[in-house]
Asks: 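My structure is below; once you've seen it, I'll send some questions.
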Number of protein chains: 2
Amino acid sequence: MQISAETGHIEETPYQVERQVGFLLRQANQRHVAIFSNIIGDKLTTTQWSALSKLQQNQPCSQNQLGRETAMDVATIKGVVDRLVKRGLVATVPDMSDARRVVLSLTQQGEEVVTENRQAARAATEETLSPLTSGERMIFLELLQKLC
Amino acid sequence: MQISAETGHIEETPYQVERQVGFLLRQANQRHVAIFSNIIGDKLTTTQWSALSKLQQNQPCSQNQLGRETAMDVATIKGVVDRLVKRGLVATVPDMSDARRVVLSLTQQGEEVVTENRQAARAATEETLSPLTSGERMIFLELLQKLC
DNA sequence: CCATTCTTGTTTGTATGCGAATGACTATCA
DNA sequence: TGATAGTCATTCGCATACAAACAAGAATGG
């Protein structure tokens with residue numbers, strides 16, 4: 001909304017959904033997910049990759065903690081972890097000192113999967129950012145981080 | 001990957017999921033969705049708003065067409081439209097000239113909902129972008145558009 | 001005009017993603 | 001210590017999101 005210098009009236013910028021941040025964020029995310037799954041294949045989703053990759057950094061880790069660090073709801077992280085456990089990439093052990101907690105860690109196979117796919121994940125990032133120049137990427141990532 | 005001026009070796013940038021575009025896009029989108037639903041309430045989701053708002057611009061419109069214009073899969077747009085129809089915001093009529101097609105249009109109530117919530121949608125956009133200065137917003141939106 | 005091909009809409013299956021409720025356990029503080 | 005508050009994991013319900021398979025209709029070329 002702006003005030004016109006001529007009329008002094010409030011001027012409505014025409015509202016176009018396709019120009020709104022929300023719409024664009026959703027689309028950009030969709031594009032990235034598509035690129036990621038083209039490169040990685042159907043083995044791993046972006047969300048699963050986040051969980052595995054983050055778990056490797058913070059091993060061992062409780063389920064909710066991992067959810068917090070990957071920005072996933074408790075209900076969401078449970079589903080993700082369940083599928084990773086079923087596929088033998090993540091192991092769960094009950095916590096000795098806290099009976100509520102489930103302690104997560106990568107299995108041997110999980111470690112291998114993370115190692116094997118790191119270059120592919122880098123490639124996905126690269127391709128997603130490919131429409132931007134090197135300088136634009138720096139700026140974009142900086143601004144994007146402010147919106148999180 | 002960069003080449004060090006000192007060693008001449010290829011240096012691996014340490015891989016951190018939380019710094020990757022994909023991770024940040026997902027988070028930024030989550031934040032926007034949360035802001036939107038705080039402002040609009042549980043009446044409408046971001047996706048439903050996109051569909052309604054776009055439909056108002058392009059009335060009447062076939063279902064798949066609307067999906068294409070809102071960047072939604074055929075299966076996704078069907079679910080969205082079904083829910084909007086069930087709530088009386090969208091009406092469907094069979095197309096005379098093409099028996100496959102379902103022609104969509106806003107109902108009276110649908111028109112009202114779009115009109116009533118446009119300011120709120122603007123406010124959601126505004127709040128999502130609030131961490132950025134006016135100049136940064138222009139740059140960010142421009143770069144984001146290139147990634148779609 | 002007929003066969004091939006494309007498009008439209010539907011359904012199924014899998015995977016996020018969140019709100020809200022629940023049960024079990026821990027921590028805290030009066 | 002005993003009530004209260006907070007945390008962890010689970011579950012349910014709803015809403016995207018996409019791949020894949022399908023049926024019916026439309027469009028095209030031969």
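Residue numbers start from 1 in every chain, and the chains themselves are labelled A, B, ... in the order their sequence lines are given, proteins ahead of strands.
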Asks: Out of D:dA9, D:dA26, D:dT11, which nucleotide sits closest to the side chain of A:Gln63?
Replies: D:dA9

Asks: Of the nucleotides D:dA9, C:dT10, D:dA24, which one has an atom closest to the side chain of B:Arg100?
Replies: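 Nearest to the side chain of B:Arg100 among the choices is D:dA24.
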
Asks: Tell me which one of B:Val102, B:Val103, B:Leu84 satisfies side-chain contact (heavy atoms from CB on, under 4.5 Å) with B:Thr92.
Replies: B:Val102

Asks: Using whole Å, report how far CD of A:Gln30 lies from P of D:dC18.
Replies: 4 Å

Asks: Can you measure A:Asn29 atom CG to D:dT16 atom C1' for me and round it to whole angstrom units?
Replies: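 Going from CG in A:Asn29 over to C1' in D:dT16 covers 12 Å.
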
Asks: Rounded to whole Å, please give me the gap between NZ in B:Lys78 and P in C:dT8.
Replies: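 Computing the B:Lys78:NZ to C:dT8:P distance gives 16 Å.
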
Asks: For D:dA15, take OP1 and OP2 only and decide whether either is under 4.0 Å from a side-chain N or O of B:Thr45.
Replies: no

Asks: Is B:Trp49 reachable from A:Leu25 through a run of hydrophobic residues whose side-chain heavy atoms are each under 4.5 Å from the next?
Replies: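 Cluster IDs for A:Leu25 and B:Trp49 differ.
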
Asks: Can a cation-pi geometry be assigned to B:Arg26 and B:Phe23, taking NZ or CZ under 6.0 Å from the six-membered ring centre and within 45° of the ring axis?
Replies: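 Verdict for B:Phe23: a cation-pi partner in B:Arg26.
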
Asks: Figure out the NE2/P separation between B:His32 and D:dT16, and round it to whole Å.
Replies: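 My rounded result for the distance is 13 Å.
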
Asks: Once you apply a heavy-atom cut-off of 4.0 Å, does B:Val80 come out as touching a base, just sugar-phosphate, or nothing?
Replies: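 Sugar-phosphate contact only.
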
Asks: Can you tell which of D:dA9, C:dT16, D:dT16 lies closest to the side chain of A:Arg83?
Replies: C:dT16

Asks: State, with a plain yes or no, whether a side-chain heavy atom of B:Arg118 is found less than 4.5 Å away from one of B:Gln56.
Replies: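 Yes. Closest side-chain heavy atoms under 4.5 Å.
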
Asks: Could you tell me the separation between the CD atom of B:Gln65 and the P atom of C:dT7, rounded to a whole number of Å?
Replies: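 The answer, rounded to whole Å, is 12 Å.
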
Asks: Kindly say if B:Arg26 contacts the phosphate of C:dT16, meaning a side-chain N or O under 4.0 Å from OP1 or OP2.
Replies: no

Asks: Counting heavy atoms from C-beta on, name the nucleotide in C:dT8, D:dC18, D:dA9 closest to the side chain of B:Thr76.
Replies: D:dC18

Asks: Measure from CG on B:Asn38 to C1' on C:dC18 and round the result to the nearest Å.
Replies: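 These atoms are roughly 12 Å apart.
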
Asks: Take atom CG of A:Asp95 and atom C1' of C:dT26, then tell me their distance rounded to the nearest Å.
Replies: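 Going from A:Asp95 (CG) to C:dT26 (C1'), I get 12 Å.
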
Asks: Quick check on DNA chain D: between B:Val74 and B:Lys86, whose nearest nucleotide comes earlier from the 5' end?
Replies: B:Lys86

Asks: In terms of the nearest nucleotide of DNA chain D, which residue is placed more toward the 5' end: A:Asp82 or B:Ser97?
Replies: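 Result: A:Asp82.
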
Asks: Kindly compute the distance separating CD (A:Glu142) from CG (B:Leu132), expressed to the nearest 0.5 Å.
Replies: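 Between A:Glu142 CD and B:Leu132 CG, I get 10.5 Å after rounding to 0.5 Å.
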
Asks: At under 4.0 Å between heavy atoms, what does A:Ser37 touch on the DNA or RNA strands: base, sugar-phosphate, or nothing?
Replies: nothing

Asks: Where the side chain of B:Asp73 is defined as all heavy atoms beyond and including C-beta, which of C:dT16, D:dT16, D:dC18 is the nearest nucleotide?
Replies: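 Looking only at heavy atoms from C-beta outward on B:Asp73, the closest nucleotide is D:dC18.
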
Asks: Looking only at the side chain of A:Gln48 (C-beta and beyond, no hydrogens), which of the listed nucleotides C:dT8, D:dT16, C:dT16 gets closest?
Replies: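 Taking heavy atoms from C-beta onward, the closest nucleotide is C:dT16.
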
Asks: Touch check for A:Ser62, heavy atoms < 4.0 angstrom, all strands: base, sugar-phosphate only, or nothing?
Replies: sugar-phosphate

Asks: Look at A:Asp82 together with A:Lys86 and state whether they make a salt bridge at an N to O cut-off of under 4.0 Å.
Replies: no

Asks: Using whole Å, report how far CZ of A:Phe36 lies from P of D:dA17.
Replies: 19 Å

Asks: Would you say C:dG17 has OP1 or OP2 under 4.0 Å from some side-chain N or O of A:Thr47?
Replies: yes

Asks: Just call it for A:Val102: base, sugar-phosphate, or nothing, with non-hydrogen atoms closer than 4.0 Å on any strand.
Replies: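 Sugar-phosphate: the residue A:Val102, judged by heavy atoms under 4.0 Å, touches backbone atoms but no base.
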
Asks: Which nucleotide in the set D:dG25, C:dC25, D:dA17 lies at the smallest distance from any side-chain heavy atom of B:Asp98?
Replies: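 Minimum distance to the B:Asp98 side chain belongs to D:dG25.
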
Asks: Applying a 4.0 Å non-hydrogen cut-off, can you work out what B:Ala75 is touching in the nucleic acid: base, sugar-phosphate, or nothing?
Replies: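 It contacts base atoms.
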
Asks: From C-beta outward on B:Arg101, which listed nucleotide comes closest to its side chain: C:dC25, D:dT10, C:dG9?
Replies: C:dG9

